[in-house]
There are 2 protein chains.
Amino acid sequence: MMVSTKGRYALTVMVDIAKNSNGEYVPLADIARRENLSNKYLESIIAILIKGEMLISLRGKNGGYKLSREPKDYNISKILKLTEGTLAPVNCIIQDGVTCDKAATCSTLPLWTGLDRVIENYLGGITLEDIVIGNRKKMLGDYCDKCSAL
Amino acid sequence: MMVSTKGRYALTVMVDIAKNSNGEYVPLADIARRENLSNKYLESIIAILIKGEMLISLRGKNGGYKLSREPKDYNISKILKLTEGTLAPVNCIIQDGVTCDKAATCSTLPLWTGLDRVIENYLGGITLEDIVIGNRKKMLGDYCDKCSAL
DNA sequence: CAAAATCCTACCATTATAGCAGGATTTTGT
DNA sequence: ACAAAATCCTGCTATAATGGTAGGATTTTG
């Protein structure tokens, strides 16, 4: 049930650029240094974000990467799905519509479907801006009181 | 973000026994045949469920496995945690209390914490009985209308 | 005492994760 | 023009996790 480092770093990159860009292109090396990640690994992750149109790149001197839109217009679910492929907890609900041949009689499918909806609903409702400004109420919701240590 | 086959099969086993026991011990081979799983792999998964006190076993003739309590007294989160180790989406919140050294300044931690709570809240609220009787309202909740195909 | 059944220890193949290396290409500033 | 700065592209590799298999020991019942 773990989100891979790829997904976590992808989100970290998006947040880093949102915080450090000011409309300028942010070079990879700067992000890697700030976030303490290797240039090379980061490169491969950023490539995915560009292909998914989350970032815009510029080659050459003064080049780098910047967001393709406003932080509030990114939802976290879509960012993570790019690198993770899917966020569905089981294979049978990866392809929407196409299910396994035992779906009609499968007792556990409703559980996995429900779990998928809950995850999608949560991550789809959080924006990059929420993370950047630290909107704890939205991220932690009703649980905010219980986690005063955070 | 996938639940492994171990976790899925563990839940499948619990449901199978709940449905086919009637207080008797259910032999492994019967479960394997019904669920179309290999005896040997199932064996290793059931061993985990026994160690976690989810099942009671009896050796010898007429032996097998049965539930250690009523279906309504199992919550799905605990069953899955046994085989999955944790359901937390990132390492930094695996050990409750102990977090990574950058926790205080980590922008994304509240997101991962929130996601963890949402998952735990959902799976912790569903019981084995809900799955056995097919309580779609509880499992699919507000989304139940939208998934008439299921 | 044999058959039925779980229990235990160890092994193995495949895939996914996490990351590295090297060089090609593009763009800017001087 | 051209060097420096930067992304882009192709391919590789080590480690760990997943998903499973094998063989036999032990226990219990009829």
Side-chain angles (χ1 to χ4, degrees), chain A residues 1-13 17 21 24-33 35-66 68 80 82-91 94, chain B residues 1-13 17 21 24-33 35-66 68 80 82-91 94:
Chain A
M1 280 293 289
M2 289 270 171
V3 171
S4 70
T5 59
K6 231 182 194 170
R8 285 195 289 121
Y9 295 172
L11 187 54
T12 298
V13 166
I17 294 176
S21 175
E24 309 278 298
Y25 286 89
V26 181
L28 184 146
D30 290 9
I31 305 170
R33 185 173 24 75
E35 308 299 340
N36 198 30
L37 301 174
S38 92
N39 288 30
K40 285 299 185 181
Y41 190 35
L42 209 53
E43 220 185 285
S44 65
I45 290 165
I46 288 180
I48 298 170
L49 291 169
I50 290 172
K51 207 166 290 175
E53 298 179 333
M54 296 288 165
L55 291 177
I56 295 169
S57 69
L58 183 66
R59 286 179 163 197
K61 206 162 187 176
N62 292 335
Y65 308 96
K66 70 175 183 182
S68 62
L80 292 178
L82 261 188
T83 52
E84 299 294 299
T86 175
L87 295 175
V90 291
N91 271 313
I94 283 183
Chain B
M1 281 292 289
M2 290 271 171
V3 171
S4 69
T5 57
K6 233 182 193 170
R8 285 196 289 120
Y9 295 171
L11 187 54
T12 298
V13 166
I17 294 176
S21 174
E24 308 278 298
Y25 287 88
V26 181
L28 183 146
D30 289 10
I31 305 171
R33 185 172 25 75
E35 307 299 341
N36 198 30
L37 302 173
S38 90
N39 288 30
K40 285 299 187 181
Y41 190 34
L42 210 54
E43 219 184 286
S44 64
I45 291 165
I46 288 180
I48 298 169
L49 291 170
I50 289 173
K51 208 166 291 174
E53 299 181 332
M54 296 289 166
L55 292 176
I56 295 169
S57 71
L58 182 67
R59 287 178 162 197
K61 207 162 185 177
N62 293 335
Y65 308 96
K66 69 174 183 183
S68 61
L80 291 178
L82 261 188
T83 52
E84 299 293 300
T86 175
L87 295 175
V90 289
N91 271 313
I94 284 181

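Quick caveat: nothing in here was measured; it's all calculated off a predicted structure. Below, chains carry the letters A, B, ... as their sequence lines are ordered, and counting in each starts from 1.
- Closest non-hydrogen pair, E24(B) versus K66(B), comes out as O-CB, 3.7 Å.
- Taking atom CE of M2(B) as the reference point, atom C1' of dT15(C) lies 14 Å away to the nearest angstrom.
- Among residue pairs with one or both ends in residues 38-47 of chain B, those qualifying as side chain to side chain donor-acceptor pair (under 3.5 Å) are T5(B)-Y41(B); sequence neighbours excluded.
- Closest-nucleotide positions on DNA chain D for E84(B) and L58(B) were compared, and the one nearer the 5' end corresponds to E84(B).
- Contacts between chain B and DNA chain D, taken as any atom within less than 4.0 angstrom of a protein heavy atom, begin and end at dG19(D) to dG30(D).
- Of the side-chain N and O atoms in S38(A), one or more sit less than 4.0 angstrom from OP1 or OP2 of dC20(C).
- Taking L82(A) as the reference, I48(A), L49(A), M54(A) meet the side chain to side chain contact (heavy atoms under 4.5 Å, CB included) condition, with sequence neighbours excluded.
- With a 4.5 Å cut-off on side-chain heavy atoms, P89(A) and M1(B) do not count as touching.
- Evaluation of the ring-ring contact (aromatic ring centres under 6.0 Å, His included) rule for Y25(A) yields no partner, not counting sequence neighbours.
- Across the interface with DNA chain C, nearest-nucleotide mapping of T5(A) and G64(B) shows G64(B) to be the residue nearer the 5′ end.
- Residues passing the side chain to side chain donor-acceptor pair (under 3.5 Å) test with R33(A), sequence neighbours excluded: D30(A).
- S4(A) is linked by a side chain to side chain donor-acceptor pair (under 3.5 Å) to E84(A), counting only residues two or more places apart in sequence or in another chain.
- Contact of the I56(B) side chain with the Y65(B) side chain is not registered, since no non-hydrogen atoms from C-beta on lie closer than 4.5 Å.
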Enumerate all atom pairs, one protein N or O and one N or O from nucleotides 8-11 of chain C, separated by less than 3.5 Å.
| unit_1 | atom_1 | unit_2 | atom_2 | d |
| --- | --- | --- | --- | --- |
| dC8(C) | N4 | E43(B) | OE2 | 2.7 |

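- The shortest non-hydrogen separation linking S57(A) to I50(A) is CB-CD1, 3.6 Å.
- The distance from atom OH of Y41(A) to atom C1' of dC20(C) is 12 Å, rounded to the nearest whole Å.
- Across all strands, I46(B) comes closer than 4.0 Å to no nucleic acid atom at all (heavy-atom distances).
- What separates NZ of K61(B) from P of dA2(C) is a distance of 13 Å, to the nearest Å.
- Between A29(B) and S4(A), the one whose closest nucleotide on DNA chain C sits nearer the 5' end is A29(B).
- Taking 4.0 angstrom as the limit, Y25(A) places none of its side-chain polar atoms (N or O) nearer than this to OP1 or OP2 of dT27(C).
- One atom, CD1 of I56(B), and another, C1' of dC7(C), lie 17 Å apart when rounded to the nearest Å.
- Residues meeting the side chain to side chain donor-acceptor pair (under 3.5 Å) test with S68(A), sequence neighbours left out: Y74(A).
- In this structure I31(B) satisfies the side chain to side chain contact (heavy atoms under 4.5 Å, CB included) test together with V13(B), D16(B), I17(B), V26(B), R34(B), E35(B), L42(B), I46(B), sequence neighbours excluded.
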Per-residue pairing states of DNA chain D in dot-bracket (Watson-Crick or G-U under 3.5 Å; . unpaired, | other strand) read ||||||||||||||||||||||||||||||

